[in-house]
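Below: one structure, written as structure tokens.
In the text below, chain A, chain B and the rest are named by the order of the sequence lines, each starting its count at 1. Computed from heavy atoms alone, side chains included, the values below leave out hydrogens, waters and symmetry copies.
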Amino acid sequence: MKWNFTDDLPIYQQIMDVIRQGIASGELMAGERLPSVRELALEAEVNPNTMQKALAELEREGLLYSKRTSGRFVSETQEVRNALKKELADGYVSDFLEKMEKLGYGKKEIIALIQEREDGKWS
Amino acid sequence: MELVKCDGLIKNYGLKKALSGVTFSLPAGKITGLLGPNGSGKTTLIKILGGLLTADGGTVAIGGNSPGVETKKIVSYLPERTYFSSAVKVKETLDFFEAFYEDFELERAEEMLKSLQISDKSKISELSKGNREKLQLVLVMSRRAKLYLLDEPMGGVDPAARDFILRTILKNYAEDASVVISTHLIQDVEKVLDDVIFLKEGNICLKQSVDELREKEKKSVDALFREVFQC
Amino acid sequence: MLGKLFLYDMKNQLRIWRFAYIGILGFSLLTALIRCLDFKKGVLGEIWGAVYGVSKGFFYAAGAVMIFATLFYAVLYFRNNLLKDQGYLMHTLPVKESELFLSKFLSSWCCILLSILVFAAGIVITRFGTGDLFSIIYTENGVAKRISLSMLFFGEGYETPRLLFLVIFFAIPVNLSLFLFSLTLGYTMKQSKRRMNRDVLSVLVYIGTYAGQQFLGVISLILGALLYFRHYGTKSFMEQILSEQGPTAQLPMDYFITVAVGIDGILIIGLAVAAVFWSIYRLKKYLNLE
């Protein structure tokens, strides 16, 4: 997983985003066991407490669960992961639409652009 | 019980007031950044915690004790400068720490030195400045102390070395120990901190967690620091 | 921890001095060898005699220098190890300041004694085979006479054992204590406005202790005189001074001198001990490494 952090958000939130992406993209597979907090913190080069906070939050959201002695795992529940994918996708679309509107593209033009790309694939 | 408890610390150097009533406490298991420009009293505060300086007023308690032999057993201090004589060999520094500190873990230190390719037999004078600083960091972090005081650990060091220092601090993290990093180079260190204390002209002008600061100010601690201490 | 510190300090100082010790002993052996290979006659004999003289002279000079250098280095070592950058290492050790100070003091004392021992051993080596280790035989008016070495060097009344005892248990520890105290006070003094070089300050403090010693000398003379008066009575003292008698005037004078010197010795030892305690106190409360 790529750990890149920006300045304006709390780090624990950014960690959560990275992990959510990982789960949604399948990089972190269902039921996969996560490394320990310390290992993850070391990998991301962040404070272990911060990492712990992020993981705890994700647990609360249901994306992760922990078994007392064996560690933390990615949720195997399909609905949870699907909901996440939808949520992320919605977010990307909103971002995209916002940026395109700033450029002055209307909805019809945006659809035409996408169609162009689609056609481009077949020609 | 808080690991570190300071109340109304005062330290004067003649007419100059280095610390004018510093009050704060640190729990165990946190990595705290002590931030401030040069001359703000950071080093003075760290020296008092390390038992190298006696305060003129106020109280200090580390693990419930005033600075002295008992606190020095659990405090590991990394100063800004080289504190070995240049004639001494690396092996001798390891033996020294082993002899005087019960909590020193020799194998861990040797492992780290091996990965840094610093030979036991080298003399301090033969090491580059960067390696000398890394050696001291390795020795300090190889102790299982309760309080680590790192005074400007990143000063004058190349990016690779800075990474090594941060990774060593993280690897060494323990829930019953705290780390205080005094620095004015916050950018490198911010991700690793739990809390920050801003020290300005001998007073604490801010003490908060990094997360809260970022949420509230919508900027990094580094950016906030530059604002607060416009230079 | 005092034992560990002591060994550490000994090791650090011997790091330098072991070479000097080997050198001095080696040189003494060389001198002895030169003497044994003496060509007794002719021009060669004369030249060889000169070589021997040079070698012997060099050995004695080097030995004396080594002893003083050991003292000088001890003071320098104290300064560099406790009052400069290395102090960051030493004062964060879980040891008492008194242990840090005493370890330096005792190890330096031992190293100086070692130097004296090595020098003495060297002297023995150079004189080996002359039939007499501690005295010289010379001829006066055709008669062979013998004079002890210490008598030769230091004069009447200074037998070697008494001299050595004084040096080992008085001169060295007192001077060491006052040197270390001067450094400690110089480096822990509060400086508000004008910042003076700490080494210069230390020298000034030392001059102060020297003045202090003289002051104590005067006190002991006064005390000695008072005791003398009590012992002999003012009247008899005046009589002794005013009459010009020889031998009888001597004994009371000797008593006076002995008492005064004795008191001086005690006062100076007291000064040295006080200096040690004060040094430790200054280190505990006023240490500020730069």
Side-chain angles (χ1 to χ4, degrees), chain B residues 11-16 18 43-44 46-56 65-89 92-93 95-104 123-124 132 135-136 139-140 143 145 147-149 151, chain C residues 1-19 73 76-101 103-104 187-196 198 280-290:
Chain B
K11 180 68 189 173
N12 301 318
Y13 292 115
L15 293 168
K16 175 163 189 254
T43 301
T44 304
I46 296 234
K47 279 191 194 172
I48 292 177
L49 291 173
L52 278 173
L53 203 60
T54 314
D56 293 323
N65 293 316
S66 293
V69 179
E70 289 305 312
T71 62
K72 289 174 187 176
K73 284 185 189 164
I74 57 170
V75 173
S76 196
Y77 178 81
L78 179 69
E80 242 187 303
R81 52 198 71 213
T82 308
Y83 58 11
F84 290 112
S85 120
S86 25
V88 150
K89 296 203 188 110
E92 292 175 69
T93 66
D95 292 337
F96 183 83
F97 267 70
E98 173 88 356
F100 285 99
Y101 292 111
E102 267 182 56
D103 57 13
F104 184 65
K123 284 197 187 163
I124 298 281
R132 251 179 275 157
L135 168 66
Q136 286 187 184
L139 289 167
V140 165
R143 277 183 60 195
L147 179 65
Y148 296 89
L149 301 171
D151 197 350
Chain C
M1 287 284 184
L2 183 57
K4 281 190 198 165
L5 281 171
F6 179 79
L7 285 172
Y8 167 74
D9 285 325
M10 284 300 287
K11 201 170 78 161
N12 279 338
Q13 290 177 88
L14 287 176
R15 202 192 291 265
I16 309 274
W17 294 117
R18 60 183 176 194
F19 297 117
Y73 183 74
L76 200 68
Y77 174 65
F78 178 88
R79 171 186 174 272
N80 290 343
N81 190 262
L82 288 186
L83 304 172
K84 294 283 178 190
D85 284 358
Q86 288 179 51
Y88 281 93
L89 180 65
M90 302 308 286
H91 291 280
T92 47
L93 289 174
V95 300
K96 298 189 211 150
E97 295 292 331
S98 56
E99 289 174 320
L100 284 174
F101 186 90
S103 162
K104 291 283 180 298
Y187 273 79
T188 58
M189 246 199 264
K190 279 202 174 163
Q191 292 193 91
S192 31
K193 269 185 267 182
R194 272 178 64 239
R195 296 199 127 235
M196 231 198 298
R198 295 277 183 187
I280 295 174
Y281 172 73
R282 293 299 299 188
L283 286 177
K284 268 201 227 174
K285 287 235 147 164
Y286 296 101
L287 180 72
N288 179 25
L289 298 169
E290 261 135 54

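Looking at Thr82(B) and Asp85(C), their side chains never come closer than 4.5 Å, going by heavy atoms from C-beta outward. Side-chain contact between Arg15(C) and Val88(B) is present, with heavy atoms from C-beta onward closer than 4.5 Å. Counting heavy atoms from C-beta outward, Val75(B) and Thr92(C) have side chains that stay 4.5 Å or more apart.
Between Lys72(B) atom NZ and Lys96(C) atom NZ the span is 12.0 Å, to the nearest 0.5 Å. Distance check, rounded to the nearest 0.5 Å: CG of Leu52(B) to CE of Met90(C) gives 12.5 Å.
The heavy-atom pair separating Asn288(C) from Tyr13(B) by the smallest distance is ND2-CE2, 3.3 Å. Considering every non-hydrogen atom in both Leu289(C) and Lys47(B), the closest pair reads O-NZ, 2.6 Å.
Looking only at distances, no side-chain donor or acceptor of Lys284(C) sits under 3.5 Å from a matching main-chain atom of Thr54(B).
Contact residues of residues 95-103 of chain B toward chain C are Phe96(B), Phe97(B), Ala99(B), Phe100(B), Tyr101(B) (heavy-atom distance under 4.5 Å).
Scored by the side-chain hydrogen bond (donor to acceptor under 3.5 Å, both in side chains) test, Ser76(B) finds no partners at all (sequence neighbours excluded).
Contacts between Tyr77(B) and chain C at a heavy-atom distance below 4.5 Å involve the side chain alone, from C-beta outward. Looking at Glu92(B), the atoms closer than 4.5 Å to chain C (heavy atoms on both sides) all sit in the side chain, from C-beta outward.
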